[in-house]
Amino acid sequence: MNKNIIIKKPDDWHVHFREDAMLEVITKYSARINNRCIAMPNTKTPITNSLQAIDYKKLIEKNSKNENFQALIPCYLTENLDLVDFRNALKNNIFIGAKLYPTNVTTNSSFGVSNIEKIYDVFEILEKENKTLLIHGEKIDKNIDIFDREKYFIDEELTTIRNTFQNLKIVLEHVSTKYGVDYIKSNSNIAGTITPHHMLLTKKDVFLDNIINPHHYCMPVVKNENDLLALRKAACKNNTKFFLGTDSAPHEMKHKFPNMKLKPGIFSAACSIELYAKIFEEENSLDKLETFASINGPKFYNLPINESTIRLEKIDWIVPEFVKEKSIKIKNFFGNKKINWKVVDLNV
Ligand SMILES: [Zn+2]
């Protein structure tokens, strides 16, 4: 049996580093094993211009405790961006691309876009500069069930974007349904990130008898068994259109008590690559972990593949229940549970 895996150093193409004390505490967890992370721009004041992006990148890298670590910043799209600054920032690689949050789909998305036609000039610039549009693909409407938001977004918004901008590169972030997986597989210029939690949880783990588990509540919400199986297959079977994006998204414990207005998000950075290894082993696909974690992402983003490697060993360990530091207390995903893979060497 395989007791060791050595893979090229991974990158995480979807992380929330937040700000202030939270950022200072959590950044090192993603930087411990990843060479690069896309830092989502939905901070309290969203990152919408080049100066903010430069500052945010510096702040994250300073707190990473890893001098080689790179934070990559997408622009938070609004309906009134400064397009000259946006274009220049893309040309100068200050923005890796741009992130579309439909209004009110998740944390700090109230500044997002309510009518995609209003930002067609932004899509045009992205397409011309060959930069990526990252999408939180959910459509919110009082008549749309929370479990169907991804499907409606694909049918009613994404298809329109793709038909209008046929050369625009798109990442459908945190794909959560079989419908989303199938859509990505059968269309060109589109890829998807897959989180560990969407491959480990179904809605039964969130919506218990008469109470919601706040630590499994995220956007998009986890779905059914057949969705989970489709996501596992997409990640583990060497399909180059899918890559690692944890959507590690911490909230303090005070926002995670049952029976309150919950903040959605799961913090998995303390054990992310180990969880992916566990899933890939369960799918008899450990030999495909490197492709998913370290190769497909940079290829899609036209970036170099990392040269150094990490080694995971088959060792049981218990994920600590919480991260507690400074004034911050966060529940770890998989906290108090056993994982059978552990990173033991960096830069092998
Ligand atoms: Zn996210």
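Whatever order the structure lists ligands and atoms in, that order sets their numbers, starting from 1. Basis for what follows: all heavy atoms, side chains included, without hydrogens, waters or symmetry-related copies.
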Practice prompt. May I ask you to check whether Phe165 and Phe123 place their ring centres under 6.0 Å from each other?
Written response: yes

Donor-acceptor list for residues 22-30 side chains, cut-off 3.5 Å, not counting sequence neighbours:
unit_1 : atom_1 : unit_2 : atom_2 : d
Glu24  : OE1    : Lys326 : NZ     : 2.5
Thr27  : OG1    : Leu23  : O      : 2.7
Lys28  : NZ     : Val25  : O      : 2.7
Lys28  : NZ     : Glu325 : OE1    : 3.0
Lys28  : NZ     : Glu325 : OE2    : 3.3

Practice prompt. Spell out the protein N/O/S atoms under 2.8 Å from the Zn ion (ligand 1) as residue plus atom name.
Written response: His14 NE2, His16 NE2, Asp247 OD1

Discussion item. Could you tell me if the side chain of Leu158 sits less than 4.5 Å from the side chain of Tyr183, heavy atoms only?
Written reply: yes

Fill in: Neighbour count above 12 (heavy atom, 6.0 Å) for Lys62 NZ
no

Worksheet item: Taking the six-membered ring where the residue is Trp, are the ring centres of Trp13 and Tyr301 under 6.0 Å apart?
Response: yes

Worksheet item: What do the steps show when you test Thr160 against Glu156 for side-chain hydrogen bond (donor to acceptor under 3.5 Å, both in side chains), and what is the final call?
Response: CA-CA 7 Å; Thr160 311; Glu156 295 181 5; over 6 Å; no

